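From a predicted model like this one, the values you see are computed outputs, not experimental measurements. Numbering starts at 1 and runs along the sequence shown.
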Amino acid sequence: MRHKMKFGPGGRRGRGRNNMTGKKFARAFAQAAFEGAVHKRRTRMFRRGELKLIALHLIAEEPRHGYDLIKRIEELTNGHYAPSPGIVYPALTLMTEMDLIEEKTGKDGKKIYSITEDGKAKLAEEEKHIAEILERLDGVSKMGEASDGASIRRAVHNLKSTIRIRLADEEKDSDKILEVAAIIDEAAGKIERLK
């Protein structure tokens, strides 16, 4: 039985409180990743329907087990995000019911999923949206590299040490404290505006 349901923000289920543009959503997620708010299996990476699209894309590359999908998505984000089995397996079941993928049992007794003709048609239809999702995953990966980088950690540590030493004897309402705060705010603004 086929269901014609559009995945993603333009679909019936994609409207509402999370209806941000792709770039705005990617920026918000990347910012959360940089601030350390992204933990494996805890933060919502995908808007409604997007996990199905990325799973369909990855299954089109090669037939996969559910666990393979989880690991591949984790690889795409350089280890900064992995969807939980509790959302991946129900999505695979739904995609099978929608005739986008087919399920077979492999030699090891595990279910393996491959794409159908309807799945290929859905991929072609959603090509641009999938490219946006992949770009977002890549952005999370790069943002994670930047925030985890040794040079960034060294610079932040250096800044904290300098502030502690320089302001150790200052009074609470000192002008020097306000000056230091202004310098830090200015530096944060410059970093934010980097292209």
- Query: What residues form a salt bridge (charged side-chain N to carboxylate O under 4.0 Å, His left out) with Lys110, not counting sequence neighbours?
  - Reply: none
- Task: Apply side chain to side chain contact (heavy atoms under 4.5 Å, CB included) to Ser161 and list each qualifying residue two or more places apart in sequence or on a separate chain.
- Result: His157, Arg164
- Give, for atom CZ of Arg136 and atom CZ of Phe46, the distance between the pair rounded to the nearest 0.5 Å. 7.5 Å
- Applying side chain to side chain contact (heavy atoms under 4.5 Å, CB included), name anything that partners Glu61, two or more places apart in sequence or on another chain. His57, Leu58, Arg64, Arg72
- Kindly give the heavy-atom pair with the smallest separation between Gly66 and Val88, and that separation in Å. O-CG1, 4.1 Å
- Query: Among all residues two or more places apart in sequence or in another chain, which pass the side chain to side chain contact (heavy atoms under 4.5 Å, CB included) test with Lys128?
  - Reply: Glu132
- Message: Could you work out, with side chain to side chain contact (heavy atoms under 4.5 Å, CB included) as the rule, every residue matching Ser114, not counting sequence neighbours?
- Response: Pro63, Glu102
- Leu56: which of Lys122, Lys120, Met98 passes side-chain contact (heavy atoms from CB on, under 4.5 Å): Lys122
- Message: Would Ile54 and Leu137 count as a side-chain contact (heavy atoms from CB on, under 4.5 Å) here? Give the steps.
- Response: CA-CA 10 Å; Ile54 202 67; Leu137 295 177; 4.2 Å; yes
- Roughly how far apart are Thr93 OG1 and Ile101 CD1, rounded to 0.5 Å? 8.0 Å
- Task: Drop me the distance from His65's NE2 to Ile70's CD1, to the nearest 0.5 angstrom.
- Result: 12.5 Å
- Quick one: does Ile59's side chain get under 4.5 Å of Leu92's, heavy atoms only? yes
Without placing hydrogens or testing angles, list every side-chain donor-acceptor pair under 3.5 Å for residues 175-186, not counting sequence neighbours.
none

- Query: When rounded to the nearest 0.5 angstrom, what distance separates OH in Tyr89 from CG in Leu69?
  - Reply: 8.0 Å
- Query: Closest heavy-atom contact between Ala60 and Leu123?
  - Reply: CB-CD1, 3.3 Å
- Note on the structure: Distance col, row Lys107:NZ vs Thr105:OG1, nearest 0.5 angstrom, shows 13.5 Å
- Kindly say whether Leu100 contributes a backbone atom to a donor-acceptor pair with the side chain of Thr116 at under 3.5 angstrom? yes
- Quick one: pull up CD in Glu103 and NZ in Lys111 and give me the separation to the nearest 0.5 Å. 4.5 Å
